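Report on the following structure.
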Amino acid sequence: MALSPPQFWLLKSEPDVFGFDDLVRVGREAWSGVRNYQARNFLRQMRVNDLCLFYHSSTALPGVAGVARVGREPYPDDLQFDPESAYFDPKSTPQNPRWSMVDVVPVLAFPAVLPLDTLRTLPEWQDSPLTRRGNRLSVLPVTPEQFRAALKAAGMDPREVEL
DNA sequence: GCCAACGTTGGC
DNA sequence: GCCAACGTTGGC
């Protein structure tokens with residue numbers, strides 16, 4: 001059995017709704033509500049223990065607040081079946097769900113938010129969907145080099161999370 | 001709050 | 001299948 005290489009991702013969240021501190025508080029969260037096919041397809045590639053940069057969007061200081069890991073492999077997003085939910089999808093059925101989610105678990109809070117402005121200055125981040133203009137992806141892949149560069153720029157030792 | 005960029009919808 | 005209209009995202 002081959003061990004799959006570590007995968008890295010970036011997850012966007014609006015801190016006014018659910019920030020990294022909220023993730024730390026609850027300890028584990030179902031990452032529901034992704035309703036974009038490209039983001040969903042990335043989500044479905046996630047595997048347990050993949051590492052995620054937790055990004056704060058639509059806020060005064062957009063940037064990465066910490067690191068989370070995938071705590072459960074992709075499974076159907078339950079909100080798609082809930083008529084009361086804003087994420088309800090009438091075209092979804094339990095037999096054929098359109099939308100998936102994973103669980104995420106906090107790993108490491110950065111001492112301070114690593115600003116988007118700083119990410120833009122890193123050579124590794126020049127060609128990322130995140131730093132591209134008009135980007136709207138809420139789940140996107142991160143290269144190992146980007147992940148390491150982000151940790152370093154945040155003042156962290158990559159060995160703290162790459163166990 | 002503004003607005004550019006982008007995805008989705010629906011008429012044809 | 002085209003494409004204009006519309007809604008949403010997200011930095012500023």
Side-chain angles (χ1 to χ4, degrees), chain A residues 7-26 29-46 50-70 74-104 106-143 145-156:
Chain A
Q7 300 186 104
F8 303 95
W9 310 95
L10 182 143
L11 297 175
K12 284 185 192 171
S13 190
E14 298 186 21
D16 290 348
V17 178
F18 190 85
F20 191 78
D21 53 343
D22 294 307
L23 182 62
V24 170
R25 184 169 43 76
V26 299
E29 180 76 359
W31 209 252
S32 56
V34 171
R35 294 294 180 272
N36 168 286
Y37 284 105
Q38 203 180 349
R40 181 205 69 180
N41 293 341
F42 287 134
L43 205 62
R44 287 182 174 176
Q45 296 174 38
M46 290 186 174
D50 281 1
L51 293 173
C52 307
L53 298 174
F54 194 107
Y55 180 88
H56 284 174
S57 65
S58 295
T59 187
L61 184 65
V64 179
V67 176
R69 70 175 175 83
V70 175
Y75 61 108
D77 181 336
D78 48 12
L79 296 183
Q80 69 195 310
F81 308 123
D82 177 5
E84 304 296 310
S85 170
Y87 296 108
F88 177 64
D89 186 339
K91 293 176 185 152
S92 271
T93 64
Q95 291 72 31
N96 191 15
R98 297 175 117 190
W99 306 109
S100 301
M101 63 182 176
V102 295
D103 288 355
V104 293
V107 171
L108 178 72
F110 288 170
V113 168
L114 172 63
L116 175 60
D117 281 350
T118 304
L119 279 179
R120 289 190 196 282
T121 67
L122 304 177
E124 294 85 353
W125 283 85
Q126 296 309 302
D127 189 33
S128 167
L130 182 75
T131 49
R132 232 167 271 152
R133 278 174 70 250
N135 155 64
R136 297 167 56 181
L137 261 186
S138 62
V139 179
L140 53 105
V142 165
T143 68
E145 293 76 19
Q146 287 169 342
F147 186 81
R148 286 182 156 270
L151 280 195
K152 190 178 168 200
M156 311 303 302

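Numbers restart at 1 for each chain; the letters A, B, ... are given by sequence-line order, proteins then strands. The structure displayed is predicted, hence computed values, not measured ones.
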Quiz item: Nearest to the side chain of A:Arg133, which nucleotide is it out of C:dG11, B:dT8, B:dA4?
Solution: B:dA4

Self-check item: Sub-4.5 Å side-chain heavy-atom contact between A:Val70 and A:Trp31
Solution: no

Quiz prompt | Nucleotide of C:dG11, B:dG7, B:dA4 approaching A:Gln38 most closely (side-chain heavy atoms) | solution = B:dG7

Quiz item: Between B:dA5, C:dC12, C:dG11, which nucleotide gets closest to the side-chain atoms of A:Ser57?
Solution: C:dG11

Practice problem: Calculate the interatomic distance between A:Asn36 atom CG and C:dG10 atom C1'; express it in whole Å. | Solution: 14 Å

Quiz prompt | Rounded distance in Å - CG (A:Asp89) to P (B:dG7) | solution = 18 Å

Quiz item: Do A:Glu124 and A:Phe147 come close enough that some side-chain heavy atom pair is under 4.5 Å?
Solution: no

Practice problem: Specify the separation, in whole Å, of atom CG of A:Leu61 and atom P of C:dG11. | Solution: 10 Å

Quiz item: Hey, are A:Tyr75 and A:Asp103 close enough side-chain-wise for a donor-acceptor pair under 3.5 Å?
Solution: yes

Quiz prompt | Spacing between A:His56 atom NE2 and C:dG11 atom C1', to the nearest angstrom | solution = 16 Å

Quiz item: Can you find a pair of side-chain heavy atoms, one from A:Val139 and one from A:Gln38, that are under 4.5 Å apart?
Solution: no

Quiz item: How close or far is atom C1' of B:dG10 from atom NZ of A:Lys91, stated in whole angstroms?
Solution: 11 Å

Quiz item: Nearest-Å distance, CG (A:Leu137) to C1' (C:dG10)?
Solution: 13 Å

Quiz item: Counting only side-chain N and O atoms of A:Lys12, is one of them less than 4.0 Å from OP1 or OP2 of C:dG10?
Solution: yes

Quiz item: How about A:Thr131 and A:Leu122: do any of their side-chain heavy atoms sit closer than 4.5 Å?
Solution: no

Quiz item: Hey, does the side chain of A:Tyr55 come within less than 4.0 Å of C:dT9's phosphate (OP1/OP2), counting only N and O?
Solution: no

Practice problem: Go through C:dG10, C:dC12, B:dT8 for me and flag the one nearest to the A:Tyr37 side chain. | Solution: B:dT8

Quiz item: Taking atom P of C:dG10 as reference, at what distance in whole Å does atom CG of A:Leu119 sit?
Solution: 15 Å

Quiz item: Separation of A:Glu14 atom CD from C:dG11 atom C1', in whole Å?
Solution: 12 Å

